[in-house]
Structure formats: structure tokens, C-alpha cells
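For reference, the structure discussed in these notes is given below.
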Amino acid sequence: MMRGIGESIGNALFENLGRAAGRVQENKPLPADTLESDDAYLVVFDAPGATASDIQVRYVDDRVEVRVDRFRDFHDGFEMRYPGRGLALDGAVTLPEDARVDPSTASATLKDNGTLHVRVPKVAGEEGGDEDAVEVSDETADEIADEGTDADDAADAEE
């Protein structure tokens, strides 16, 4: 009987610790890098464990905003003991004050390495949209081979 009580307390402790760790992760913004070329801004977010259908990308005023709603897979023969990964993750990056972009032509690609690349083209003059949704696509191994140089390679070359 005492063993059952101890196991029950241990299970409750693990579950509560896991939920707390998940909440902490959900309250931290997604890490992101902002890169700039002559014709576009590239914002690279960490999006671990996400699929293209899990991700929402919006351009609002001068910000690229991302929301990732992940789901946990079930694993046959295993019971969830420590649900430590956050399921709803958010991130945002404000572009430079002088940025003039066309968010209607922005693109977002989820890379095989778990990063999300949001490319926002620049425009000349005072144009620029206020709010647009951006469609997210998955990059397959074939697309990576066709591209030749990945945006990560370009970023590495700049350093």
C-alpha cells in the first residue's frame, strides 16, 4: 500500500514538473536571427518539432510574428511521464525602422533542420503593407539539392 502511495506521489510530481517546464518554454519567445541582403530580410526562427501545418506566420506593421502549435505524438507501449515540451510557442522580430518591405510577397519555409526561414522582400520608396499572412511550406531534400546554396550557407559566409 505504501509503495502505491509513493508511486502515486511520484507520478503527480513528475506530471506537475513537466507541466511547469512546458509553461516556462511557452512563455519564452522563439529564438530568431535577422539577416539582411540587398533585396530582402531573412528571419530565421527555431521551430523544433513543428510541421508546416503547425505554423502561422504574419507580418503586422513592422513585425514578423510566428506561432507554432505543436502536437505530441503517441508512442505505442509508452506512457507520458514528464510532459516537458511546450506546445504553443510564439516569436516575433521587429524589422529595422527604415525597412520598406512587401509582405504580400513574403515566403516562409520550414527547413529539415527544424528552422523556419521567413523571407520578406524589400521594395523601393515608401510602399509597404501593414498586415499580411504568409503561407508556410515544407522544404524537401530534393528542394535543398535544387537550391545549391542554402540561406544558412549564405549567413555563414557573411561571418
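In this text the structure is predicted, and so the values were computed from the model without any measurement. Worth knowing before you read on, the calculation uses all heavy atoms, side chains too, and leaves out hydrogens, waters and symmetry mates.
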Atom pairs and distances, side-chain donor-acceptor, residues 38-45, under 3.5 Å, sequence neighbours left out:
residue	atom	partner	partner atom	Å
Asp39	OD1	Ser37	OG	2.8
Asp39	OD2	Arg119	NH2	3.2
Tyr41	OH	Glu36	OE2	3.3

Check: Going through the checks in order, is the side-chain contact (heavy atoms from CB on, under 4.5 Å) test met by Val120 and Val64?
Finding: CA-CA 9 Å; Val120 185; Val64 176; 4.1 Å; yes

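Partners of Thr94 according to the side-chain hydrogen bond (donor to acceptor under 3.5 Å, both in side chains) rule, which considers only residues two or more places apart in sequence or in another chain, are Arg63. Under the rule for a side-chain hydrogen bond (donor to acceptor under 3.5 Å, both in side chains), the partners of Thr51 that lie at least two apart in sequence or sit in another chain are Ser53, Asp54. Under the salt bridge (Lys or Arg N to Asp or Glu O under 4.0 Å) criterion, Asp69 pairs with Arg67, not counting sequence neighbours.
Taking CG of Asp62 as the start and CZ of Arg100 as the end, the distance is 10.0 Å to the nearest 0.5 Å.
Here the shortest heavy-atom pairing between Ile55 and Ala47 reads CD1-CB, 4.4 Å.
Under the side chain to side chain contact (heavy atoms under 4.5 Å, CB included) test applied with Leu116, the options Asp46, Val57, Leu30 reduce to a single match, Val57.
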